[in-house]
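Numbering of ligands and ligand atoms starts at 1, following listing order. Every heavy atom of this structure was used, including side-chain atoms; hydrogens, water molecules and symmetry mates were not.
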Amino acid sequence: MKASLTQKDLYWNPVVETLPPAKMRDLQLKKFKKILEWAYEKSKFHRKLYQQAGLEPGDIKSYEDIVKVPKVEKSMMREIQRKDPYPYGDALCVPIEEVTEFRQTSGTTGVPVYQPDTWQDWEWWAEAWAYLLYAQGYRKTDRVFLPFGYNIFVAFWAGHYAAEKIGCEVVPGGILDTEARILKIQELRATAMMATPTYVLGMADTAKKKLGIDPARDLTIRKITCAGEPGASIPSTKQRMEEAWGAKVYDHVGATEIGAWGFECTAQPGGLHVNEALFLMQLEDIETGELIEEPGRKGKIIITALDRIAQPCIRFDSKDVAEWSKEPCPCGRTFRVIRGGVVGRADDITKIKGVLIAPSAIEEVVRSIKGLSNEYEAVVTKKGDLDDITLKIEFLPEEEKNREAILAQLKDQLRLKTNLGYNIEVHPYNSLPRYEVKAKRFKDLRKHG
Ligand SMILES: [Zn+2]
């Protein structure tokens, strides 16, 4: 009896979070068939896609059959939208009057994709976030502060509702500016917050420099949920955030078109659990498309939201890259773990001077060096036939005196961890771009000539 009480306290859904893998695959197959049938029946877009591939829902009989289902890419969604039923077009599976939520993707390039959700979908969003917040230790006793602009991007909207669902007290930071948010956190003694890694570091900076507040000493935030950028899964960036706030920092991953599909738990296993009860996540070889089930091999994430109905997400090619972890997580969840979180974008993982590199590897090095500021920029260009990579950095003002030693350490670590030589450009402190939401610190200019 005592054991089951403890378990109940550990997991949001003790049954599915500890389901044996074989049973989980069965559950996923069952749900996959159901959502596939739904889309085939209700969405002109999906029906056409599957008919062109000569596939009918009944053809999917086993877990292994799932890879036969054609993938959907963001560009395909762009093409069908801004048409009737306006503005969603042919992938909409419910009468337009059933839609209760509008969101759009927040990518830095291209036309945004619109995302309709029904009320049932919206409750599903909150449920997915409840798994992750509960796994990160959010409980009824927490007062949660949300320092984000509530707008057309989904960002932390579902985090807000999930925190309420768990029973936390939620403070919407809305349009307050950064200083006002920090003062509100202090006044209300908030215990948890959610933000992008860039903003978590930026807030700590503002608190110290403009308000004379040391978040680790003067504020009561003890857990921070990150999203939007990979930072919370990059050890050196995570450490910077945890030290600045005196808090545990947890990663989470999701997307407007998919949902909140992955999360770090309080055991901080060096990776993210995939919420396999609500999502089917498969890894495919970037070049051959072969399904990857074994740990330690990087692949592209192909993902299905198993219960989302208004605009289904079936075998969506996220272009994100990950690998399965060898070790089960000490927290006891059987949801599989991706090692190091999402390690990059399939489009961003690129060959420079013949070396395969993920931009997150550069971040890991820069953020691990104490004398450098949090900001940097890596720019790849071509000089004649040769690739060239420039890394722009800033020294912290108090570390200027150690310039030479820091530079030597940086060059050493870059060569060791990324196998590349860089042109290092030192920029004055506070002169590189600062980002409020999603940062774009890796620029590959070779593709544009
Ligand atoms: Zn875990």
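A cation-pi arrangement is found for Lys223 relative to Tyr138, the charged atom lying closer than 6.0 Å to the ring centre and inside a 45° cone about the ring normal. Figure legend: Arg308 and Trp261 shown without cation-pi pairing, the cationic atom not lying both under 6.0 angstrom from the six-membered ring centre and within 45 degrees of its axis. Geometrically, Arg103 does not engage Phe153 in a cation-pi contact, judged by NZ or CZ lying under 6.0 Å from the ring centre and within 45° of the ring axis.
For the salt bridge (charged side-chain N to carboxylate O under 4.0 Å, His left out) with Arg339, the qualifying choice from Glu327, Glu264, Glu323 is Glu323, the only one to do so.
Residue-and-atom listing of protein N/O/S atoms under 2.8 Å from the Zn ion (ligand 1), sorted by chain and number: Cys265 SG, His273 NE2, Cys329 SG, Cys331 SG.
Atoms CZ and OG1, from Arg333 and Thr18 in turn, are 9.5 Å apart once rounded to the nearest 0.5 Å.
Note: Phe102 and Tyr114 have tilted aromatic rings, judged against thresholds of 30 and 60 degrees for the angle between ring planes.
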